[in-house]
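So the structure is just underneath, and the comments pick up after that.
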There are 2 protein chains.
Amino acid sequence: MHSTAVENYLKHLFLEQNDDGEELVAMGRLASAVGVTPGTATTMVKTLAESGLLDYEPRGGVRLTPAGRKLALHVVRRHRIIETFLVKVLGLDWSEVHDEAEDLEHVISDRVLEKIDQILNHPERDPHGDPIPTARGTIDTAEHESLATYDAGTDVSVVRVLDQDPEFLQFLARHRLRPGQRVAIQGRDEVAEAMTLRPESGNPVTIGIGKAAKILVRAATDAAPERRES
Amino acid sequence: MHSTAVENYLKHLFLEQNDDGEELVAMGRLASAVGVTPGTATTMVKTLAESGLLDYEPRGGVRLTPAGRKLALHVVRRHRIIETFLVKVLGLDWSEVHDEAEDLEHVISDRVLEKIDQILNHPERDPHGDPIPTARGTIDTAEHESLATYDAGTDVSVVRVLDQDPEFLQFLARHRLRPGQRVAIQGRDEVAEAMTLRPESGNPVTIGIGKAAKILVRAATDAAPERRES
DNA sequence: ATCTACACTTTGATATATCAAAGTCAAGGT
DNA sequence: ACCTTGACTTTGATATATCAAAGTGTAGAT
Ligand SMILES: [Mn+2]
Ligand SMILES: [Mn+2]
Ligand SMILES: [Mn+2]
Ligand SMILES: [Mn+2]
């Protein structure tokens, strides 16, 4: 139906836009998200505007139309279900599935997608904690705060990781900092721009504020079933 | 690495060529296998010959080089493992997996392919009985006779089905004529060009010689554990 | 020996997606 | 008001893959 290129522009535009999707996304931003030169993006965007998939304001930027958003959500759904499948069923590492899914998301049929979804028992989040849009085109828009906003002495649990860098993901897994895992914030040094974390089931680690900003968390309200030293 | 188009030309050339791969495949044949006009095939073939993937004799035809054959086998391997996976793991019907695999065969990484192969426990044949090339590029070239060559009174078991038509595959499944299943040849009418079969676990059916030719079988040497009427 | 068909090749065109580099707009600084 | 500069658009080109239709070669028929 739509080409891989078209699907990629729509998906990246969706991922770049902010929640409501009202604000314009600058062309340069879209171009670099898609990985093309600005001139290429301008050309493609004119075609997509022509097809009614997005609104284009020259020298202003772009915004998805409802039709474009629907298509983008479908691509995101495919991407995230595929990632979940690769981890849960094929046993790949969460650090390597993003790249695999980049290609597969454009060729998996709805037939196969829904079979996979069913086998996985309709997951709500992918291995990185990203919400999976439903087949009907809705998506959980709950906002989470980043670890970087928390102070020392707080207990949180990891909800989502926004950085797909394989090395970083492997680092997080090694330190027990995956979605669903709990962490105590042991210290925070504003001058060094670093935070020291004590993962529930790992050893303390210090990470920079920049990376901490990529980790979304939720305040750990109910006490975790604390593992007791015997 | 290679485009979908290139992979398709090589795969279809492999499938059209005869066992040894020594004979030239006519351009018209390749073109219609790939589904393009003859002129398009000529152009592409010149490019592939340039890349050393096939030998091209103008107005004679084409033949895979060892490099082309290796690549073709890899695509065939992907196709057949994907088909097997779709049937065995995702539970799709054997009549619908061929089309799905046509696209997937060009985007599945080796990483994912080998994971799937491992989960399937290194299958030797796909759901249609087609042999699966190994990762090292060898393929079972055992020849099987077609059902059309057998006479009435013979007992055979289905090995492979060469026709991918979904309706035909569904027909075969309904009548218990899948690879691995046994059939007695009840009658054969040369004038009507029809054969009447009695599948071990189904009701008798009559099929045309043309369709019988698409069903490869093996003489049922050791007596099947005959189900006895109680 | 010549002709005729058909298979094949060539040519000219189209569609899609891309880049480099030249040109343009406009916001902010002076 | 005018410049400067950076973001954006336009232009001209390239790569790949395709088709329609015109041109050509050859094997077999006469
Ligand atoms: Mn991803
Ligand atoms: Mn993800
Ligand atoms: Mn197939
Ligand atoms: Mn098959």
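Below, chains carry the letters A, B, ... as their sequence lines are ordered, and counting in each starts from 1. Both backbone and side-chain heavy atoms feed into the values below; hydrogens, waters and symmetry mates do not.
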Tell me whether the guanidinium CZ or amine NZ of B:Lys46 lies under 6.0 angstrom from the six-membered ring centre of B:Tyr56 and within 45° of its axis.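 Ring-cation test returns no.
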Between [N] atom [atom2] and [X] atom [atom1], what is the distance in whole Å?
{"X": "A:Asn8", "N": "C:dT18", "atom1": "CG", "atom2": "C1'", "value": "14 Å"}
{"X": "A:Leu30", "N": "C:dT18", "atom1": "CG", "atom2": "P", "value": "12 Å"}
{"X": "A:Glu50", "N": "C:dT16", "atom1": "CD", "atom2": "P", "value": "12 Å"}
{"X": "B:Glu57", "N": "D:dG25", "atom1": "CD", "atom2": "P", "value": "18 Å"}
{"X": "A:Glu7", "N": "C:dA17", "atom1": "CD", "atom2": "C1'", "value": "15 Å"}
{"X": "B:Met27", "N": "D:dC19", "atom1": "CE", "atom2": "P", "value": "13 Å"}
{"X": "A:Met1", "N": "C:dT16", "atom1": "CE", "atom2": "P", "value": "13 Å"}
{"X": "A:Met44", "N": "C:dC19", "atom1": "CE", "atom2": "C1'", "value": "14 Å"}

Do NZ/NE/NH1/NH2 and the carboxylate oxygens of [X] and [Y] come within less than 4.0 Å?
{"X": "B:Arg63", "Y": "B:Glu23", "result": "no"}
{"X": "B:Arg59", "Y": "B:Glu57", "result": "no"}
{"X": "A:Glu105", "Y": "A:Arg80", "result": "no"}
{"X": "A:Glu114", "Y": "A:Arg77", "result": "yes"}

At 4.0 Å (heavy atoms only), tell me whether [X] reaches a base, stays on the sugar-phosphate, or touches nothing.
{"X": "A:Ala31", "result": "nothing"}
{"X": "B:Ser3", "result": "sugar-phosphate"}
{"X": "B:Gly28", "result": "sugar-phosphate"}

Quick check on [N]: is either OP1 or OP2 less than 4.0 Å from any side-chain nitrogen or oxygen of [X]?
{"X": "B:Thr40", "N": "D:dC19", "result": "yes"}
{"X": "A:Tyr9", "N": "C:dT16", "result": "no"}
{"X": "B:Lys46", "N": "C:dT9", "result": "no"}
{"X": "B:Tyr56", "N": "C:dC8", "result": "no"}
{"X": "A:Thr37", "N": "C:dA20", "result": "no"}

Identify which nucleotide among C:dT9, D:dT18, D:dT10 has an atom closest to any side-chain atom of A:Thr42, counting heavy atoms from C-beta outward.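 Nearest listed nucleotide: D:dT10.
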Could you say whether A:Pro38 or A:Arg59 is positioned toward the 5' end of DNA chain C, judged by the nucleotide with the nearest heavy atom to each?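 Of the two residues, A:Pro38 wins.
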